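Naming: A, B, ... by sequence-line order, numbering from 1 per chain. Since the model is a prediction, treat every value here as computed from it, not as a measurement.
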Amino acid sequence: MVPPLRKIGSNVWEIPRDYKPCMKVPARIFASDSLMEKMRNDLTLEQVANVACLPGIYKYSIALPDAHQGYGFPVGGVAAVDASSGAISPGGIGYDINCGVRVLRTDLKIDDVKPKLRELVDAIFKLAPAGVGETGHVKLQVGELDRVLNEGVAWAIGKGYGWSEDQERIEQNGSWDYADASKVSQRAKERGRGELGTIGSGNHFIEVQAVERIFDEKVAKAFGIDEVGQVLIMIHSGSRGLGHQVATDYIRIAEGKIRQWGLVLPDRELVSMPVNTREAQDYLHAMAAAANYAWTNRHLLMHWVREAFRSVFNKDPDKLGMRVVYDVAHNIAKLEEHDVEGQRRSVWVHRKGATRAFPAGRPEIPKVYRDIGQPVLIPGSMGTGSYILVGAATSMDLTFGTAPHGAGRQLSRSAAVRMLPPSKVKSALEGRGIVVRSAESEIISEEAPEAYKDVDSVVETADALGLARKVVRTRPIGVVKG
DNA sequence: ATGTGC
């Protein structure tokens, strides 16, 4: 059955609350007409209606312009639940806990990098391994992983990876004190021990990009971006096997308790845990530990990128101006204060494939950006381009301060492998001056630009709605993929 | 996303 859909405004759609008896609020979908057409092809709409059944959910369940079907809960989905009477859904955070994006600026221009591009991409590929199960160049001593889980980026900086000033430009300084390593299983720790500083697979990547267009010079400048042709680095990765195991462990625990808790699920994949249960608290502490791991992973990847630049350009990374612009997650739940129907509420906001996009003034934003709004980092698909936006006040009321996270798939991985031979995809990219290195050729097919929705239309829709405002568009020149 | 499927 197709959910009933009402268009209630420009780029705004609603599935009414009476569609399913379990819905506590309506579902709201933010999408242009053409993006909505793509969402009708899978279970996205059914899933966003199911999310509206979560205990303690406020206002409406949300699907963003790039939403597509996920495990129980759309990728590109948002749900805010009451912090004491609501329920946490691990599937509403996702298997890749605290997956996100970090961008570095440099003083280099595209012409400085072009002649050395292949060498640079090879150096990054060597230092920052990509691919499923790949291990990294940092060997953790016994007990050291627990410190990573409890302390995050602060641990890495103490060990000499990165610069202390990096922390100022990472969401939550890359160190979440809610973390408790003792809530992470031994199995998860075993999987995570060797994987720090690795890219992973799927849509994860490190890209060398060039600024293609600046929409807002003042804000761009505040972000450290001065001109067209300036070289940026974008790192997209997450918590690897460790986060995946944490999600698997707690989804299994929740499944075993559903009856006891008296929950009725619209979809067996949408398990949830009442916030006030021991199990939910354990999950949140483990989730925060996995978040620290993901931030530390991106931090080490950044360290290796700086080292790759050092070796290729024979210059210190600080002399190359390789400063962090920002690091932001798009698979996480956060405890936040929001105005809901005139009341200030404490809520856990699930953002799955969705980027926090807070406007100027919010206390969560680093001091350096507090008067501007937070950078919103939106990677496009391989070979197309990416965006940096800035948080806008309008998003607080519309989406609990959330913007989309990327282009979103439009072809399944298997369909992409059938339709798009890797050699053709690669030569098309090389023909446009983009150097690509991948651990596995199949990934090149799965991640081909044609397999994704158009990032430009996703960003246009977000900008038009006021979910965030466009600042910079980049285009890739070098890509390292799983 | 994932030592990729229970």
Between [atom2] on [N] and [atom1] on [X], what's the gap in Å once rounded to a whole number?
| X | N | atom1 | atom2 | value |
| --- | --- | --- | --- | --- |
| A:Glu442 | B:dT2 | CD | P | 15 Å |
| A:Tyr71 | B:dT2 | OH | P | 17 Å |
| A:Glu269 | B:dC6 | CD | P | 12 Å |
| A:His204 | B:dT4 | NE2 | P | 17 Å |
| A:Arg413 | B:dT4 | CZ | C1' | 10 Å |
| A:Glu447 | B:dT4 | CD | C1' | 14 Å |
| A:Ile251 | B:dC6 | CD1 | C1' | 15 Å |
| A:Asp249 | B:dC6 | CG | P | 17 Å |

For the pair A:Asp166 and A:Met302, evaluate side-chain contact (heavy atoms from CB on, under 4.5 Å) and give the outcome as yes or no after the intermediate values. CA-CA 10 Å; A:Asp166 292 335; A:Met302 174 200 67; 3.3 Å; yes
Looking at every strand, decide which applies to [X] at a 4.0 Å heavy-atom threshold: base, sugar-phosphate, or nothing.
| X | answer |
| --- | --- |
| A:Gly238 | nothing |
| A:Ser239 | nothing |
| A:Arg409 | nothing |
| A:Gly94 | nothing |

Report the residue (A:Glu195 or A:Arg252) whose heavy-atom-nearest nucleotide on DNA chain B is the more 5′ of the two.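 On the 5' side of the pair lies A:Glu195.
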Identify whether NZ of Lys or CZ of Arg in A:Arg306 sits under 6.0 Å from the centre of the six-membered ring of A:Phe309 and within 45° of that ring's axis.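 A:Arg306 over A:Phe309 ring: no.
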Does the side chain of A:Gln410 come under 3.5 Å of the side chain of A:Lys38 through a donor N or O and an acceptor N or O? yes
Centres of the A:His303 and A:His137 rings: under 6.0 Å? no
